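This report concerns only the one structure given below.
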Amino acid sequence: MERERDRGKAETAAGGTAAGKMKSWEEWQPQADGGMDELFAVLGYKVKSSDMAAVANKLDQLEMAMVTTMEDGISHLSTDTIHYNPSDLSGWVESLLTELSSASNFDVLPQQIGVRGESSSNLISFSNDKPIQKNRKVIYDYDLRAIPGGAICSSGNEEENPNHEPDIGIKRHRFSPGTEFLDNTSLAAARPVVLVDSQETGVRLVHTLMACAEAVQRDNMKLADALVKHVGILAVSQVGPMRKVATYFAEALARRIYKIYPHDSLESSYSDVLQMHFYESCPYLKFAHFTANQAILEAFAGANRVHVIDFSLKQGMQWPALMQALALRPGGPPEFRLTGIEPPQPDNTDALLLQQVGWKLAQLAETVGVEFKFRGFVSKSLVDLDASVMDIKPDNVEAVAVNSVFEFHRLLARPGGINKVLNSIKAMNPKIVTIVEQEANHNGIVFLDRFNESLHYYSTMFDSLESSGSNQPNSEDFVMTEVYLGRQICNVVACEGPDRVERHETLSQWRGRMNSAGFDPVPLGSNAFKQASMLLALFAGGDGYRVEENDGSLMLGWHTRPLIATSAWQLKPAE
Amino acid sequence: MKRPLAAVGDINMNKKLKQQEEEMSREAEAVLLHDNLLFEVLKHVDDGRTLASAACVSRQWKRTAQDERLWELICTKHYNSTPLQLRVVVLALGGFRRLYSSHLWPLLRQSSSSSSSSSPSSVSAWPCLPPAPAERPRSKARWGRDEVNLSLSLLSIKYFEKMSFNRGK
């Protein structure tokens, strides 16, 4: 392995380096990793500590060259040069310098130079390259790998990689745990890093994203294509949430431009798992559950038999707390019946999963002393269900609550879907309907509006994640949460028609719908507000989160931007 | 002269005090090293942190201070009438001590530290002194039934999460 070879080299290399500033690097660099500078290794570059002075010199030269050559030196670098082995920083800068110094041949485009034999596993070994002479890694000009995120390139190279799944989330599973962080960033670092002011690039990044979306809106795919690659380059120079958001949006835009849509089966697989990680890493889902449960608990006051119909059972995380509260209510617990609905899984494990969740909830119910019955339904869409299968008991016998967390917006993908479901709900005669939805309008008719809205929404979301995760940024929960959000972004931006299911709408829009469908709002009490506020104190970065009361509904947001809203409804009294 | 007399009187007093002290300490020992009596004493502790510190004194104290009934007293001190099923439910979900340590205590610690951190630390006029221990979270935060209710919910969720996933998942 190359690392071992280099270790030998480093040990025999003369220690002293010329540049004074490099000396301080050397002094505190542990030589444990084969003589490679550890800090650079983290970024995916391999720089021998002994080479540092030389590399620094070259970088200086490069900066001078870029400043003095053409004004927009960046796009030139991306389209016209052959990048040799970018992770070897020294060699790469050398290659850039030679390109810039031969400043005449701009119109020689090294197109059509495919990347031979690049299998998915090679993306892992990207940083373990052989020296330049033997294996020139050439970036194919229209190689979609330009967008950091190997998802697209692999679907393009499908004939070479039959096993590779075009979903970056799954790919991250494949990486061995130790190299996970390193390899993701080395993928990103495969594009040349732009040595300009980072804040300026941040602004340029946002503008480029919006310009690209506008190009897509106007169906100017060539321009959009160029811009989306530019975004890829700019994104690499950023850090933190900005970079991640830009990466996901760039990927989604690229999918839209090249019409490479994610497979439907992959979209629904792992979605439960991803949502669990989302549940653990940030307070939004917990907030949703706690506030909805409070409304349900209050509506069930005095009832001896209760029936909850959950449109979004997932792992059933909402119900332990409700069962515990029912167990401890004055007057004793009611008989509790739960009907859970789940979409089918591609590998047909849905019935088994439902059974498991039901079994676990039954165990818990027994532990806390609540009589419990569970029933699960597997249904592709809520539209296919109706009240008759729910075995609804009359009003005076059993109180019914309907709960939907992040499910209603999916119904907007097909015309008439939401109205049919609302009618079914009315037939179930519920005492209360609790709805939790994202607080954003990602369902506008104009693509550009949707794009801008979602850009703001998910930027705020990622910002809040960043501060919540400040103490453990690479934990599995956070990485998976990012994937979870990334999938939503992909759906909002890249998909259309019935495939575009992430059709979020704002609370006021939902209010309008519910009102015209025959529901009255039920204000969430102060208890819910108190619980929500206390809950936030438990999350790091709790200062940034804000619980807001909005005309009886509760919203949780990051600083001034509400991100999620819980509302409760009841049937309008019959005249 | 007065002085020697007073000195002698003093010495006598000191001796008496010492004897009294020794007696008291022997009595105290008798109480504090006796499980049941120690339990009765610890019943009067109304602060979780104190009770937890008491558990660090010795093995015997640990046994006694970890008694669920003591922690139940602490968790329910704000209830004027405890729900009947509370004890059954909480014991089934992991116990009062776990309720306090895993869920109630982090809640209280957060709320007390956030209130203390909102006031900026003043520059000490005596730079040689170590920083004032104001950063240490105080457990004297005011808390009530709402905090307990939230902790109960979190306890039940944690219990549910920990339930075995080994049914072929």
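Below, chain A is the first sequence line, B the second, and so on; all start at residue 1. All values reported here derive from a predicted model rather than from experimental measurement.
- Using a 4.5 Å heavy-atom threshold, the side chains of A:His289 and B:Ser153 count as separate.
- Atom NZ of B:Lys62 has 12 or fewer heavy atoms from other residues, nucleotides or ligands within 6.0 Å.
- With a 4.5 Å cut-off on side-chain heavy atoms, B:Asn149 and A:Asn527 do not count as touching.
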(request) Applying side chain to side chain contact (heavy atoms under 4.5 Å, CB included), run through A:Lys530 and B:Glu147 and close with a yes or a no. (result) CA-CA 9 Å; A:Lys530 254 188 282 181; B:Glu147 280 82 0; over 6 Å; no
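- In this structure, OG1 on A:Thr367 lies 6.0 Å from CE on B:Met163, to the nearest 0.5 angstrom.
- Residue contact with chain B, scored on non-hydrogen atoms closer than 4.5 Å, is absent for A:Gln355.
- In this structure, no portion of A:Gln294 lies under 4.5 Å from any heavy atom of chain B.
- Shown here for B:Gln85 and A:Ala327, the closest heavy-atom pair between the two residues is CD-O, 3.6 Å.
- The number of heavy-atom neighbours closer than 6.0 Å to CZ of B:Arg98, taken from other residues, nucleotides and ligands shown, is 12 or below.
- In terms of heavy atoms, A:Gln315 sits closest to B:Phe160 at O-CE2, 3.5 Å.
- Neither the backbone nor the side chain of A:Leu322 has a heavy atom closer than 4.5 Å to any heavy atom of chain B.
- A:Gln531 touches chain B through backbone and side chain together, each having a heavy atom under 4.5 Å away.
- Crowding of A:Glu549 atom CD: a count of heavy atoms from other residues, nucleotides or ligands under 6.0 Å exceeding 12.
- Under a cut-off of 6.0 angstrom, the local environment of CZ in B:Arg87 is sparse, with at most 12 non-hydrogen atoms contributed by other residues, nucleotides or ligands.
- Listed options B:Val90, B:Leu155, B:Leu93 were ranked by heavy-atom pairs under 4.5 angstrom with chain A; first place goes to B:Leu93.
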(request) Please step through side chain to side chain contact (heavy atoms under 4.5 Å, CB included) for the pair B:Leu107 and A:Leu535, ending with a clear verdict. (result) CA-CA 8 Å; B:Leu107 253 183; A:Leu535 182 67; over 6 Å; no
(request) Kindly indicate, with the supporting measurements, whether the criterion side chain to side chain contact (heavy atoms under 4.5 Å, CB included) is fulfilled by A:Met534 and B:Trp143. (result) CA-CA 11 Å; A:Met534 274 193 294; B:Trp143 54 282; over 6 Å; no
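- Atom OH of B:Tyr159 is separated from atom CD of A:Gln324 by 13.5 Å, given to the nearest 0.5 angstrom.
- Counting heavy-atom neighbours within 6.0 Å of B:Gln60 CD, excluding the residue itself, gives a total above 12.
- Residues B:Val88 and A:Val368 are not in side-chain contact: their nearest non-hydrogen atoms beyond the backbone lie 4.5 Å or more apart.
- The line from NZ of B:Lys162 to NZ of A:Lys360 is 12.5 Å long, rounded to the nearest 0.5 Å.
- With rounding to the nearest 0.5 angstrom, the CE atom of A:Met323 is 11.0 Å from the CD1 atom of B:Ile157.
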